[in-house]
Amino acid sequence: MQLALSTWPEVEDYLRISDGLIVPIGSVEQHGPNGLIGTDHLDAEFIARGVGDSIGAAVAPTIAYGMSQHHLAFAGSATLRPSTLMLVVRDIVESFALHGFRKFFFINGHGGNVATVTAAFDELYAARSLGDRAAPVRCRMTFWSAGPRSKAIADDLYPGVNGAHATAAEVSLAQYYQQAHIKHAQMTPKLAPPSTPFFEATDYRTRFADGRIASDPSLSSPEHGKLLFDAAVIDMAEAYQAFLAY
Ligand code: NI
């Protein structure tokens, strides 16, 4: 059930049977020579909708922008500051909590969001622990690709070369649902430099010249994307239901 395509009476009906909400979150940032700028939020949204369709869970509109300051030296990338993203997460959760949603399951597509969104969850809990009388909420965030089935497929298809940014798996998933936008590009070197610490945007670009980290997305294909989609939807449906039962 997509919230954006529902009416308020339909949302009220849903809340009589569930207080869970899936929130896709990603980024708007470069994904190497053949990856789409929207990869992280489109991937997260695609998996979240797959889960919503398979088990009838409500799926909120996607938080498309994320914490991407380190990608800003590449055209088409945009960031929210950590402080901005924390407020975005807080206001969205508090809004839906007013209506009875209590359990917020964020399906994430972008590693740069983790520290900030986790801190935003702690702000929500801290406000309540400090005496705010708002209803309790529980939040969890997981990568769409973190489940055992999709991890096994990525390990099998891209042993040692899936990478850390512009991964072969995330590019494959995007190629599956955006087949009209599959890009072909030379990867030089074929395998991107290994994952090492980085700082601001110019430093990142100096270290990772074409934007990729440790990946070879020339291996990506829409057929791989379908395998990953089917696996990740089952993984995430299982993780969501475990979270509701926790
Ligand atoms: Ni990504």
Side-chain angles (χ1 to χ4, degrees), residues 23-50 62-80 82 85 89 106-118 141-147 150-151 153-155 157-158 160-178 181-183 185 187 191-198 200-201 204-205 207-222 224-229 231-233 235-236:
V23 185
I25 183 167
S27 71
V28 176
E29 70 186 33
Q30 66 82 16
H31 270 78
N34 70 339
L36 308 181
I37 296 285
T39 298
D40 286 346
H41 75 264
L42 296 172
D43 279 2
E45 180 174 284
F46 190 58
I47 299 297
R49 287 185 183 176
T62 302
I63 303 176
Y65 291 83
M67 211 305 287
S68 303
Q69 66 79 16
H70 45 298
H71 293 287
L72 288 182
F74 294 89
S77 303
T79 194
L80 301 178
L85 180 56
V89 169
F106 284 63
I107 294 183
N108 183 26
H110 174 48
N113 289 338
V114 173
T116 300
V117 174
T118 305
M141 184 161 76
T142 184
F143 287 107
W144 69 261
S145 54
S150 56
K151 264 168 95 167
I153 289 172
D155 287 348
L157 292 173
Y158 320 116
V161 297
N162 188 39
H165 180 67
T167 67
E170 68 180 341
V171 171
S172 286
L173 182 60
Q175 289 184 348
Y176 171 50
Y177 59 75
Q178 286 292 352
H181 298 280
I182 294 175
K183 319 285 182 175
M187 301 288 160
L191 181 61
S195 187
T196 53
F198 52 80
E200 84 296 337
Y204 180 103
R205 185 154 184 170
R207 295 174 194 278
F208 309 108
D210 71 4
R212 297 173 296 143
I213 304 178
S215 68
D216 179 7
S218 70
L219 301 173
S220 300
S221 78
H224 293 175
K226 175 167 174 33
L227 294 174
L228 290 160
F229 173 75
V233 166
D235 283 340
M236 289 298 108

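Start at 1 and go down the list; that is how both ligands and their atoms are numbered. Everything numeric in this text was worked out from a predicted model, so none of it was measured.
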Within 2.8 Å of the Ni ion (ligand 1), is there any N, O or S atom belonging to [X]?
X: Asp43; answer: no
X: Glu170; answer: yes
X: His31; answer: yes

Neighbour count >12 (heavy atoms, 6.0 Å) for atom OH, Tyr65: no
With a 4.5 Å limit on heavy-atom distance, are the side chains of Glu29 and Phe74 in contact? no
Locate the shortest heavy-atom distance separating Pro33 from Asp210; write the atom from each residue and the value.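 For Pro33 and Asp210, the tightest heavy-atom pair comes out as CG-OD2, 3.5 Å.
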For Lys183, all residues meeting salt bridge (Lys or Arg N to Asp or Glu O under 4.0 Å), sequence neighbours excluded: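 Listed in chain order: nothing, the list is empty.
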Shortest-distance N, O or S atom of Asp40 relative to the Ni ion (ligand 1): OD1
